[in-house]
Trainee: 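The following block contains the structure, expressed as structure tokens.
Convention: sequence-line order gives letters A, B, ...; per-chain numbering from 1. Any value given below was found using the heavy atoms of this structure, including those in side chains, with hydrogens, waters and symmetry copies removed.
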Amino acid sequence: MSNSEKSTSTPSDFIRTIIAEDLKANKNDGRVHTRFPPEPNGYLHIGHAKSICLNFGIAAENKGGICNLRFDDTNPSKEEVEYVESIKSDVRWLGFDWGDRLFYASDYFEQFYQYAVQLIKKGRAYVCSLSADKIREYRGTLTEPGKESPYRIRSIEENLDLFERMRAGEFEDGSHVLRAKIDMASGNLNMRDPVIYRVLRAEHHRTGNKWCIYPMYDFAHCISDSIEGITHSICTLEFEDHRLLYDWFLDELAVDCHPRQIEFARLNLSYTVMSKRKLLELVKEGHVTGWDDPRMPTLSGMRRCGYTPESIRNFCERIGVAKSNSMVDIALLYHCIREDLNKRAQRVMAVLRPLRVVIDNYPEDQVEELDAENNPEDPGMGSRKVPFSRVLYIEQEDFREDAPKKFFRLAPGREVRLKHAYYITCVDVIKDEQTGEVIELHCTYDPETRGGWSKDGRRVKGTLHWVSVAHSLEAEVRLYDHLFVKANPADGKEGSDFKSYLNPNSLETLTSCRVEPSLAGAAPGSRCQFLRHGYFCVDSVDSSEERLVFNRTVSLRDSWAKIEKKGQT
RNA sequence: UGGGGUGUCGUCAAGUGGUAAGACACAGGUUUUUGGUACCUGCAUUCGGAGGUUCGAAUCCUCCCACCCCAGCCA
């Protein structure tokens with residue numbers, strides 16, 4: 001393999017290293033089997049994408065490797081079918097395929113029950129009738145050991161009987177729980193007789209009211225992994241001290257597959273939040289329009305914003321996988337989507353804040369169809385025709401009455417190029433008598449520069465985009481910015497709410513934009529580059545034939561803005 | 001004197017005893033009909049700190065410091 005190939009292909013990280021070593025040591029009969037196990041209690045976000053890319057990626061990189069999609073649906077009070085459907089479509093959209101391996105922890109409820117009975121019979125689990133408060137009290141603290149429950153000494157027969165009656169629905173919610181009998185003095189709180197079953201009357205989105213007892217995560221997860229023959233159970237850092245319990249259950253139970261749990265650091269992205277709780281709060285309180293608001297870090301939001309699955313996968317690959325808590329700069333995400341769209345997005349001209357320009361020496365009724373390349377990065381994308389006429393719109397910010405030397409755009413007496421069209425020179429400025437606002441420019445064009453080339457070799461520094469007033473289409477354009485003004489909104493001052501850092505300007509809606517006519521009937525979700533502005537996509541919810549609505553995915557890099565900013569300070 | 005983890009450039013992150021990869025960001029420059037793209041250059045004498053072992057230490061040892069996670073009948 002050459003160096004260049006090495007740097008672009010298969011990623012390497014501590015998890016892949018572990019798996020390669022296991023393979024080398026001939027563990028698991030050479031199998032590599034992972035799983036992505038979301039709880040269907042919310043929408044997937046880019047943090048999940050990291051996990052999806054890791055689990056499905058590892059499977060794909062290894063010969064015969066497979067990855068399951070498993071819904072961890074053991075808590076019916078928080079889970080809904082709406083979420084399972086969105087999760088399935090998001091994973092598919094990201095570009096991954098679980099084949100026929102779609103599973104639900106709820107499919108194993110009967111098996112979990114039988115394993116629990118097995119534990120009771122071994123004397124390793126008991127029915128505890130302490131209240132939730134008492135259980136907490138008996139658990140001890142981080143620095144003091146806990147106390148044993150008085151119910152810990154119940155006989156196996158009594159436990160078996162009680163547990164069966166729990167399942168039969170003889171007891172109230174919260175009256176009894178099944179607990180593993182481990183060690184109330186363990187320094188690891190997870191080992192202080194953890195609850196493994198609770199009585200809970202709630203309708204489950206798949207099993208309905210068949211059950212009134214539900215297993216807890218620690219009990220259900222390791223068994224689910226084992227049942228599915230998972231070899232490497234990859235999860236996030238906060239489960240590190242659950243690993244002891246994970247292993248304890250599988251060691252105590254008669255199972256023939258004991259997966260290895262490996263933990264990695266979850267993704268944090270600057271200027272946004274990643275916790276489901278916080279995202280739900282933003283949705284519920286109306287700070288965003290929904291889970292698919294283009295400002296949300298959810299996959300549905302990013303999709304609506306115009307992100308490509310490729311760019312997100314590439315991002316996930318670039319951030320790497322490690323164990324240190326970190327905060328990735330959102331600039332890397334922006335780089336990934338620009339890099340992708342630069343190669344594939346068609347260029348079009350759109351004037352966001354129009355300023356009328358009359359070309360005095362251009363014939364009144366004349367219209368020319370000028371050639372415009374669709375993408376300078378890819379000649380294969382061909383070209384299109386753009387109508388040019390006497391009255392045009394250019395961008396307001398492309399004209400300045402008193403322009404500094406470094407301002408390469410239009411100003412009184414200055415000449416610029418109109419992209420794909422002609423050189424024009426500004427000869428007059430019309431202002432509103434009341435406000436003094438510039439409302440129209442008069443220019444002359446040089447007929448010898450058709451297409452934007454001058455025969456005499458004279459050069460202009462600036463090239464502007466434009467549209468023909470008579471031919472352009474009206475459009476609404478939504479400019480999005482960071483949802484938060486603080487890089488880490490969760491890291492506020494004592495007592496401050498993350499929402500106090502919400503960016504009041506995260507959305508700017510422009511309603512009188514004018515776009516070139518080739519955009520008529522643009523398909524919802526389709527992407528393009530508005531020349532000199534950025535990458536945009538047709539909003540999949542609000543855009544229609546009658547009303548074009550575009551979302552800005554990401555702006556172009558803007559070195560002029562930097563120069564200007566520098567000049568101000 | 002609870003347990004489990006992590007500390008390498010502004011941000012991620014390689015590195016596993018042989019003399020600090022790469023990416024993003026940032027700063028300069030070249031090309032340019034997008035102030036875009038592409039390309040070039042610069043950007044850690046140093047790896048949380050202090051000792052020690054060694055010809056040689058980010059990598060091994062000792063001590064210290066900082067930060068993260070855990071006391072749901074959530075996952």
Trainee: L244(A) has an atom CG; how far is it from atom P of G3(B), in whole Å?
Mentor: 13 Å

Trainee: May I ask you to verify whether the side chain of R409(A) and the base of G35(B) hold a donor-acceptor pair under 3.5 Å?
Mentor: yes

Trainee: OP1, OP2 of U34(B) versus side-chain N and O of R338(A): anything below 4.0 Å?
Mentor: no

Trainee: What nucleic acid atoms does H420(A) come within less than 4.0 Å of, heavy atoms only: base, sugar-phosphate, or nothing?
Mentor: base

Trainee: Let me check I have this right: for RNA chain B, each base becomes ., (, ), [, ] or |, based on Watson-Crick or G-U pairs with both distances under 3.5 Å. What is the full string?
Mentor: .(((((((.[[[..)..(...]]].(((((.......))))).....[[[[[..)....]]]]])))))).....

Trainee: Touch check for F407(A), heavy atoms < 4.0 angstrom, all strands: base, sugar-phosphate only, or nothing?
Mentor: base

Trainee: Describe the nucleic acid contact of P38(A) in one word from base, sugar-phosphate, nothing, applying a heavy-atom distance below 4.0 Å.
Mentor: nothing

Trainee: How far does the P atom of A44(B) sit from the matching atom of A20(B), given to the nearest Å?
Mentor: 12 Å

Trainee: OP1, OP2 of G3(B) versus side-chain N and O of R192(A): anything below 4.0 Å?
Mentor: no

Trainee: Could you pull out the closest heavy-atom pair between N190(A) and H242(A), with the gap in Å?
Mentor: ND2-CE1, 3.5 Å

Trainee: Just say parallel, tilted or perpendicular for the rings of Y113(A) and F163(A), cut-offs at 30° and 60°.
Mentor: parallel

Trainee: Considering just the side-chain nitrogens and oxygens of S324(A), establish if one lies under 4.0 Å of OP1 or OP2 belonging to A13(B).
Mentor: yes

Trainee: Using a heavy-atom cut-off of 4.0 Å across all strands, would you classify V177(A) as base, sugar-phosphate, or nothing?
Mentor: base

Trainee: Check the distance between A23(B)'s C1' and F315(A)'s CZ and give it to me in whole angstrom.
Mentor: 12 Å

Trainee: Enumerate the protein-to-nucleotides 67-69 of chain B contacts in which both atoms are nitrogen or oxygen and the separation is below 3.5 Å.
Mentor:
residue, atom, partner, partner atom, Å
C68(B), O2', N325(A), ND2, 3.0

Trainee: Taking the side chain of E39(A) as heavy atoms from C-beta outward, which of C74(B), C12(B), G72(B) is closest to it?
Mentor: C74(B)

Trainee: Mapping L418(A) and D13(A) to their closest nucleotides on RNA chain B, which lands nearer the 5' end?
Mentor: D13(A)

Trainee: Just grab all the side chain to side chain donor-acceptor pair (under 3.5 Å) pairs involving residues 166-177 of chain A, residues at least two apart or on different chains.
Mentor: E110(A)-R167(A), S129(A)-H176(A), R165(A)-E170(A), D173(A)-R201(A)

Trainee: Check every strand shown and say whether K461(A) touches a base, only sugar-phosphate, or nothing at a heavy-atom separation below 4.0 Å.
Mentor: nothing

Trainee: Which part of the nucleic acid, if any, lies within contact of K562(A), taking any heavy atom under 4.0 Å across all strands shown: a base, the sugar-phosphate backbone alone, or nothing?
Mentor: sugar-phosphate

Trainee: H335(A) side chain N/O closer than 4.0 Å to the phosphate oxygens (OP1, OP2) of C24(B)?
Mentor: yes

Trainee: Indicate, with a heavy-atom threshold strictly under 4.0 Å, whether M216(A) touches base, sugar-phosphate, or nothing.
Mentor: sugar-phosphate

Trainee: Could you tell me how the ring of H48(A) sits relative to the ring of H45(A): parallel (under 30°), tilted (30 to 60°) or perpendicular (over 60°)?
Mentor: tilted

Trainee: Can you tell if the side chain of L479(A) reaches within under 4.5 Å of the side chain of F536(A), non-hydrogen atoms only?
Mentor: yes

Trainee: Apply side-chain hydrogen bond (donor to acceptor under 3.5 Å, both in side chains) to D340(A) and T308(A), showing your working.
Mentor: CA-CA 8 Å; D340(A) 188 21; T308(A) 59; 2.4 Å; yes

Trainee: Given A75(B), A27(B), C73(B), identify the nucleotide with an atom nearest to the side chain of H242(A).
Mentor: A75(B)

Trainee: Would you please determine if the base of A75(B) is stacked by Y217(A), with stacking meaning a centroid separation under 5.5 angstrom and planes under 30 degrees?
Mentor: no

Trainee: Would you call G15(B) syn or anti, using the 90° rule around 0?
Mentor: anti

Trainee: Are there more than 12 heavy atoms of other residues, nucleotides or ligands under 6.0 Å from atom CZ of R400(A)?
Mentor: yes

Trainee: What distance, rounded to whole Å, do you find between the two P atoms, one in G42(B) and one in G49(B)?
Mentor: 27 Å

Trainee: Whole Å only: how far is the CZ atom of R318(A) from the P atom of U11(B)?
Mentor: 19 Å

Trainee: Taking the six-membered ring of Y104(A), is NZ or CZ of R206(A) closer than 6.0 Å to its centre and within 45° of its axis?
Mentor: yes

Trainee: Starting the side chain at C-beta, find the nucleotide from G5(B), U37(B), G35(B) nearest to R557(A).
Mentor: U37(B)

Trainee: I need the CD-C1' distance between Q346(A) and U34(B), as an integer number of Å.
Mentor: 14 Å

Trainee: How many whole angstroms separate atom CD of E339(A) from atom P of A25(B)?
Mentor: 10 Å

Trainee: Quick check, are the ring centers of Y83(A) and Y43(A) under 6.0 angstrom apart?
Mentor: yes

Trainee: R16(A) CZ to A13(B) C1': how many Å, rounded?
Mentor: 14 Å

Trainee: So, is K276(A) close to the C74(B) phosphate, meaning a side-chain N or O under 4.0 Å from OP1 or OP2?
Mentor: no

Trainee: Looking only at side-chain atoms of W560(A), point me to the closest of C12(B), A75(B), G35(B).
Mentor: G35(B)

Trainee: Does the plane of the ring in Y271(A) sit parallel, tilted or perpendicular to the ring in H482(A)? Use 30° and 60° as the thresholds.
Mentor: parallel

Trainee: Taking CD from E373(A) and P from U37(B), how many angstroms apart are they, rounded to a whole number?
Mentor: 16 Å

Trainee: Under 6.0 Å from the ring centre and within 45 degrees of the ring axis: does the NZ or CZ of K278(A) meet both conditions for the six-membered ring of F498(A)?
Mentor: yes

Trainee: Phosphate oxygens OP1/OP2 of U34(B): is one of them under 4.0 Å from a side-chain N or O of R417(A)?
Mentor: no

Trainee: Kindly point out which of G5(B), A71(B), G35(B) is positioned nearest to the side chain of R532(A)?
Mentor: G35(B)

Trainee: Would you say S12(A) reaches A14(B)'s phosphate, i.e. side-chain N/O to OP1/OP2 under 4.0 Å?
Mentor: no

Trainee: Counting the atoms with a prime plus P, OP1 and OP2 as sugar-phosphate, which does I135(A) contact under 4.0 Å by heavy atoms, base, sugar-phosphate, or nothing?
Mentor: base

Trainee: Contact class for V460(A) vs. all strands (heavy atom < 4.0 Å): base, sugar-phosphate, or nothing?
Mentor: nothing

Trainee: Should the heavy atoms of other residues, nucleotides or ligands under 6.0 Å from CZ of R459(A) be counted, would the total exceed 12?
Mentor: no

Trainee: Under 4.0 Å, counting only non-hydrogen atoms across every strand here, what does T74(A) touch: a base, just sugar-phosphate, or nothing?
Mentor: sugar-phosphate

Trainee: When you get a sec, tell me which of C73(B), G35(B), U34(B) is the closest nucleotide to the side chain of Q529(A)?
Mentor: U34(B)

Trainee: Would you mind telling me which of U34(B), U6(B), A75(B) lies closest to the side-chain atoms of K323(A)?
Mentor: U6(B)

Trainee: Could you tell me whether E377(A) contacts a base, only the sugar-phosphate backbone, or nothing, with contacts defined as non-hydrogen atoms closer than 4.0 Å?
Mentor: base

Trainee: Base, sugar-phosphate, or nothing for L341(A), non-hydrogen atoms under 4.0 angstrom?
Mentor: nothing

Trainee: Among the candidates A71(B), C73(B), U34(B), find the nucleotide nearest to the side-chain atoms of A132(A).
Mentor: C73(B)

Trainee: For RNA chain B, whose closest nucleotide is more 5', that of D218(A) or that of R136(A)?
Mentor: R136(A)

Trainee: Does a side chain donor of either N68(A) or E228(A) reach within less than 3.5 Å of an acceptor in the other side chain?
Mentor: yes

Trainee: Taking the six-membered ring for Trp, is the centroid-to-centroid distance between W560(A) and F408(A) below 6.0 Å?
Mentor: no

Trainee: Separation of Y126(A) atom OH from C73(B) atom P, in whole Å?
Mentor: 12 Å

Trainee: Please tell me which of the listed nucleotides, C12(B), A75(B), A25(B), lies nearest to the side chain of A331(A)?
Mentor: A25(B)

Trainee: Which nucleotide sits closest to the side chain of K566(A): G72(B), G28(B), A25(B)?
Mentor: G28(B)

